[in-house]
Enquirer: 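Structure in structure tokens, see below.
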Amino acid sequence: MNNILEVNNLNKIFKGFSIDSISFNLPSGSIMGFVGQNGAGKTTTIRLILNMLKRNAGEIKVFGLDNIIDELEIKQNLGIIFDDLFFIEMWTVKDIEDVIKGFYKLWNSKLYKQYLDKFGLPSNKKIKELSRGMKIKLMLAVAMSHNAKLLILDEPTSGLDPVARNELLDIFKEYIAEGERSILFSTHITSDLEKVADYITLIDHGRLFYSGNTRDLINNYLIVRGAPDILSAELKKNIIGLTVNQSVFVGMIKSSVLQDIPKEIVNGIPTIDEILIYISKGIYKYE
């Protein structure tokens with residue numbers, strides 16, 4: 001399986017924060033969720049991939065090409081959607097095409113019209129008249145009408161109701177179905193990722209916590225809960241994000257240490273949200 005995106009030992013140093021040796025690969029024909037708490041470095045990493053920021057070290061390849069040396073060629077095959085819409089509010093949906101199509105060699109007006117019809121976007125509608133969901137669909141129509149091989153999405157489903165989010169997830173799955181396109185999907189709504197993401201890359205405070213199969217991430221951890229009086233020093237070492245009060249402790253452990261802990265304290269498999277919460281707490285914390 002070919003990788004459509006490769007990030008190797010990526011570093012970016014700011015005052016008080018850094019992206020520290022992040023590496024991950026996105027295979028062709030797949031969706032990767034890109035997650036982490038606010039300030040973890042997700043948007044910074046995306047901007048580094050897009051060469052909107054200059055890295056201090058590392059290598060990024062898109063379609064096997066260097067993201068700096070071959071930036072213009074790469075961006076002909078990228079579709080990019082940020083949380084904010086950058087189109088002028090007084091433009092119509094048709095105006096968008098007139099402005100955008102000159103930037104892409106493979107722009108397909110017929111395909112753009114097909115997406116507008118599919119998404120229910122009238123060409124004479126002004127941007128300011130569109131709902132949040134319709135604006136996201138418009139950005140998708142633009143991104144997909146020049147045959148982009150990689151979609152990079154930064155919080156595309158935030159602010160959408162569950163029905164609109166589910167509709168977008170179906171669009172994403174359909175888009176990669178032929179196996180030649182991929183999506184890097186940054187979001188805080190991790191329940192969406194559990195529905196569609198083949199892979200997860202999770203970063204925490206600028207460092208890589210996990211990158212791999214989504215199901216493997218979830219199965220790598222267990223929630224534990226029990227009475228504080230059974231908390232030995234050895235047990236505390238194994239619990240991530242441990243919180244203790246007078247009546248109960250709760251935290252998360254790696255499945256690999258299951259044989260070393262009392263079986264009665266195991267309380268189930270975590271969601272992606274719960275994994276994020278526990279790693280954000282660190283190794284040990286009292287309320």
Side-chain angles (χ1 to χ4, degrees), residues 1 3 5-11 17-27 30-42 44-45 58 184-287:
M1 183 181 295
N3 292 321
L5 171 65
E6 298 177 358
V7 177
N8 297 306
N9 296 314
L10 182 62
N11 285 267
F17 177 76
S18 64
I19 297 293
D20 187 2
S21 301
I22 288 178
S23 299
F24 62 89
N25 297 324
L26 172 57
S30 59
I31 297 175
M32 174 176 281
F34 192 38
V35 297
Q37 61 183 304
N38 284 337
K42 301 186 300 299
T44 297
T45 302
L184 180 66
F185 182 8
S186 171
T187 182
H188 285 98
I189 307 173
T190 57
S191 58
D192 288 347
L193 299 180
E194 291 173 356
K195 296 175 184 176
V196 300
D198 307 290
Y199 302 95
I200 292 285
T201 292
L202 195 166
I203 61 175
D204 182 56
H205 295 94
R207 296 189 175 190
L208 182 71
F209 181 83
Y210 175 87
S211 188
N213 182 275
T214 302
R215 185 49 50 187
D216 287 346
L217 169 65
I218 295 170
N219 289 338
N220 275 349
Y221 297 94
L222 294 166
I223 301 296
V224 290
R225 181 186 299 269
D229 58 8
I230 70 168
L231 269 175
S232 64
E234 190 62 33
L235 182 55
K236 288 178 182 179
K237 290 180 183 178
N238 286 323
I239 299 179
I240 301 167
L242 175 62
T243 301
V244 183
N245 61 31
Q246 290 184 339
S247 59
V248 68
F249 73 84
V250 64
M252 183 175 71
I253 62 162
K254 290 185 176 181
S255 303
S256 59
V257 303
L258 183 60
Q259 71 256 20
D260 300 324
I261 68 167
K263 304 299 185 291
E264 63 270 16
I265 71 171
V266 175
N267 198 52
I269 297 173
T271 63
I272 297 173
D273 260 353
E274 288 174 320
I275 292 171
L276 283 169
I277 290 168
Y278 286 119
I279 67 169
S280 72
K281 292 179 178 180
I283 299 300
Y284 186 59
K285 177 183 177 182
Y286 277 99
E287 286 185 333

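Just so it is clear, the model here is predicted, and its values are computed rather than measured.
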Enquirer: Spell out, as yes or no, whether a donor-acceptor pair under 3.5 Å connects the side chain of Asn11 to the backbone of Ser21.
Expert: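 Answer holds: yes.
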Enquirer: How far apart are the closest heavy atoms of Val266 and Ile261, and which atoms are they?
Expert: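 Shortest heavy-atom contact: CG2-CD1, 4.1 Å.
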Enquirer: For the side chain of Lys42 and the backbone of Phe34, is there at least one donor-acceptor N/O pair under 3.5 Å apart?
Expert: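 Not at all, since once roles are kept as given, no pair shorter than 3.5 Å links the two residues.
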Enquirer: Name all residues meeting the side-chain hydrogen bond (donor to acceptor under 3.5 Å, both in side chains) criterion together with Ser186; count only those two or more places apart in sequence or in a different chain, and write none if there are none.
Expert: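 Applying side-chain hydrogen bond (donor to acceptor under 3.5 Å, both in side chains) to Ser186 gives Asp154.
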Enquirer: Would you be so kind as to tabulate the donor-acceptor pairs closer than 3.5 Å made by side chains of residues 224-235, with sequence neighbours excluded?
Expert:
unit_1: Ser232; atom_1: OG; unit_2: Leu235; atom_2: N; d: 3.1

Enquirer: Could you tell me which non-hydrogen atom of His205 sits nearest to which non-hydrogen atom of Phe17, and how far apart they are?
Expert: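 Heavy atoms of His205 and Phe17 come nearest at C-CE1, 3.9 Å.
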Enquirer: Over all heavy atoms of both residues, which pair between Gln37 and Leu276 is shortest? Give the atoms and the distance, please.
Expert: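 Shortest heavy-atom contact: N-CD2, 4.4 Å.
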Enquirer: According to side-chain hydrogen bond (donor to acceptor under 3.5 Å, both in side chains), who are the partners of Ser211, at least two apart in sequence or on a separate chain?
Expert: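 Testing Ser211 for side-chain hydrogen bond (donor to acceptor under 3.5 Å, both in side chains), a comparison that skips the adjacent residues, returns Thr201.
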Enquirer: If the condition is side-chain hydrogen bond (donor to acceptor under 3.5 Å, both in side chains), which residues does Arg215 pass it with, not counting sequence neighbours?
Expert: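 Partners of Arg215 by the side-chain hydrogen bond (donor to acceptor under 3.5 Å, both in side chains) criterion come out as none, since no residue qualifies.
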Enquirer: Mind jotting down which residue pairs meet the salt bridge (Lys or Arg N to Asp or Glu O under 4.0 Å) criterion with at least one end in residues 193-211? Sequence neighbours excluded, please.
Expert: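 For residues 193-211, and leaving out neighbouring residues, the salt bridge (Lys or Arg N to Asp or Glu O under 4.0 Å) pairs sorted by first residue read Asp20-Arg207.
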Enquirer: I want to check something: taking the side chain as every heavy atom from C-beta on, are Ile218 and Ile272 in contact at a cut-off of under 4.5 Å?
Expert: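 Yes, at least one pair of side-chain atoms sits under 4.5 Å.
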Enquirer: Scan Val7, Leu5, Thr45 and name whichever one has a side-chain contact (heavy atoms from CB on, under 4.5 Å) with Leu184.
Expert: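 Looking at Val7, Leu5, Thr45, the match for Leu184 under the side-chain contact (heavy atoms from CB on, under 4.5 Å) is Leu5.
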Enquirer: Listing request: all side chain to side chain donor-acceptor pair (under 3.5 Å) pairs with a residue in residues 247-258, at least two apart in sequence or in separate chains.
Expert: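 Residue pairs passing side chain to side chain donor-acceptor pair (under 3.5 Å), neighbours aside: Asn245-Ser247.
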Enquirer: Specify the closest pair of heavy atoms between Ile239 and Gly251, including all atoms of both residues, with the distance to one decimal.
Expert: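 Closest pair (atom of Ile239, atom of Gly251, distance): CG2-CA, 3.7 Å.
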Enquirer: Does Asn3 use its side chain to pair, donor to acceptor, with the backbone of Glu6 at less than 3.5 Å?
Expert: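 No; zero donor-acceptor contacts below 3.5 Å.
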Enquirer: Mind checking what makes side-chain hydrogen bond (donor to acceptor under 3.5 Å, both in side chains) contact with Asp273, not counting sequence neighbours?
Expert: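 For Asp273, the residues satisfying side-chain hydrogen bond (donor to acceptor under 3.5 Å, both in side chains) (neighbours in sequence not counted) are Thr190.
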